[in-house]
Structures are given as C-alpha cells and as structure tokens.
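Every heavy atom of this structure was used, including side-chain atoms; hydrogens, water molecules and symmetry mates were not.
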Amino acid sequence: MRHRLRDQRGMTTIQVAVLFPVVLFWIMLIVQYGLWWHAKQVANAAAVEAVDAAQVSSGTARGGEDAARSYLAQSGNLSNITVTVSREPTIVSAEVHGDAPRLVPGLEWSVTARSSAPVERFVAEPER
C-alpha cells in the first residue's frame, strides 16, 4: 500500500498542468462573448442614432452616417466599421457593421445592426 501511494505522487501537479490551459481557454471564451455582446449593443445604438438624425424633416442620409460615426468614435469598441443609411421619402433605414474586439486568437466575431423608422414630416395644425 505504501509503495502504491508513492507512485501517485505528483499526479495533482500533472492534472493541473493539463487542465489549466483548458480552464483558461474557457474563461477567455466567456470574456470574448462579453466583448461581442457589448459590440453588438454599441452597433445597435449607433444604428438608432443614425436613424434619429436622418428621420427629422431636415435630416439627410449623410447626417445619419455622421451621427453614427460620431457615436462609434466615442465608444471605441468596433473596428472595420461600415455605416449605411438610406433615406427614402417615407422611411429611413440604417445598417452598422463592424468587427468586435478579438481576445481569442483565430476567432473573429462581426456584428451587424439594423434600424428603421418613418421619416418625420411637418403637418400644419389645420390639417391635423
């Protein structure tokens, strides 16, 4: 019995050496998911900002793009950003696409957010 215990000495150290990289990788994946989720929220907010700026009666598609880029510049969480705003006579739509920060090598998570709303129009009081 004594000989058998002596043979297993150091087994815990080997188990930790094998399992620690796996546990560390899982923790990194959890943090990576958090970074992606935050980037998705930032992209959604930027798309809403673009629509809010472009849907007013004096708004333009360019004004919406500028508003979204200004918001994204303050957040600093996305890279390779593409902002597309379309303003038609009755509806405004915006799409924001970008890459989330990368923590885990080899994984690239991109985000896309879309928002749309009707174009605001002025209606004189007698016509209401």
Side-chain angles (χ1 to χ4, degrees):
M1 182 75 168
R2 193 170 203 209
H3 181 58
R4 187 174 205 194
L5 289 176
R6 191 179 299 166
D7 291 341
Q8 294 182 359
R9 248 188 301 174
M11 190 61 150
T12 303
T13 306
I14 293 171
Q15 289 172 344
V16 169
V18 170
L19 290 178
F20 185 72
V22 173
V23 171
L24 186 62
F25 182 72
W26 276 105
I27 290 171
M28 288 175 63
L29 280 178
I30 291 168
V31 172
Q32 178 69 60
Y33 176 77
L35 289 170
W36 172 83
W37 185 82
H38 182 258
K40 180 69 172 168
Q41 298 303 312
V42 168
N44 283 334
V48 170
E49 286 286 323
V51 167
D52 286 348
Q55 85 179 114
V56 295
S57 59
S58 62
T60 62
R62 179 69 181 166
E65 289 177 8
D66 291 343
R69 289 191 186 283
S70 174
Y71 184 87
L72 291 167
Q74 293 175 9
S75 71
N77 195 26
L78 292 172
S79 59
N80 300 327
I81 300 167
T82 304
V83 178
T84 307
V85 178
S86 171
R87 188 175 196 275
E88 298 173 12
T90 58
I91 194 162
V92 173
S93 59
E95 180 176 296
V96 176
H97 181 80
D99 294 332
R102 188 171 67 183
L103 178 67
V104 178
L107 290 180
E108 291 190 27
W109 294 9
S110 63
V111 295
T112 301
R114 294 176 185 87
S115 182
S116 63
V119 173
E120 293 180 0
R121 60 184 183 95
F122 177 75
V123 177
E125 191 169 339
E127 296 176 16
R128 290 184 205 170

Assess the residue pair T82 and V96 against the criterion (side-chain contact (heavy atoms from CB on, under 4.5 Å)); give the C-alpha distance rounded to whole Å, side-chain angles, the decisive distance to 0.1 Å, and a yes or no. CA-CA 6 Å; T82 304; V96 176; over 6 Å; no
Residue among N80, N77, L78 satisfying side chain to side chain contact (heavy atoms under 4.5 Å, CB included) with D99: N80
Close side-chain approach of V92 and V119, heavy atoms under 4.5 Å: yes
For G63 and A53, work out which heavy atoms get closest and say how close. O-CB, 3.9 Å
Which pair of non-hydrogen atoms, one from A94 and one from V51, has the smallest distance, and what is that distance? CB-CG2, 3.8 Å
Provide the closest heavy-atom pair for G64 versus A54 in the form atom of the first, atom of the second, distance. CA-CB, 4.1 Å
Is F25 linked to V22 within one hydrophobic cluster, defined over Ile, Leu, Val, Met, Phe, Trp and Tyr using a side-chain heavy-atom separation of less than 4.5 Å? yes
Is it the case that one hydrophobic cluster holds both L29 and V23, taking links as side-chain heavy atoms less than 4.5 Å apart, direct or via other members? no
Output the distance between atom OG (S93) and atom CD (Q55), rounded to the nearest 0.5 Å. 12.0 Å
side-chain contact (heavy atoms from CB on, under 4.5 Å) between L103 and V31, intermediate numbers included: CA-CA 8 Å; L103 178 67; V31 172; 3.5 Å; yes
Approximate separation, where rounding is to 0.5 Å, of I27 CD1 and Q32 CD: 14.5 Å
Scanning both residues in full, the closest heavy-atom pair of V111 with A39 reads CG2-O, 4.0 Å
Smallest separation among heavy atoms of P105 and M28, with atom names: CD-CE, 4.4 Å
Just to verify, what does N44 make a side chain to side chain donor-acceptor pair (under 3.5 Å) with, not counting sequence neighbours? none
Can you tell me how far OG of S57 sits from CZ of R121, rounded to the nearest 0.5 angstrom? 11.5 Å
Hey, what do you get for NZ (K40) to CG (L35), rounding to the nearest 0.5 Å? 15.5 Å
Assess the residue pair V16 and V18 against the criterion (side-chain contact (heavy atoms from CB on, under 4.5 Å)); give the C-alpha distance rounded to whole Å, side-chain angles, the decisive distance to 0.1 Å, and a yes or no. CA-CA 5 Å; V16 169; V18 170; over 6 Å; no
Would you find more than 12 non-hydrogen atoms of other residues, nucleotides or ligands less than 6.0 Å from H38 atom NE2? no
Can you tell if the side chain of P118 reaches within under 4.5 Å of the side chain of I91, non-hydrogen atoms only? no
How many angstroms lie between atom CG of D66 and atom OG1 of T60, to the nearest 0.5 angstrom? 7.5 Å
For a quick test of reading the model, state the closest non-hydrogen atom pair linking Y71 to A45 and the distance between them. OH-CB, 3.3 Å
Step-by-step side-chain contact (heavy atoms from CB on, under 4.5 Å) determination, Q74 to L72: CA-CA 5 Å; Q74 293 175 9; L72 291 167; over 6 Å; no
From I81 CD1 over to H97 NE2, what is the distance, rounded to the nearest 0.5 angstrom? 10.5 Å
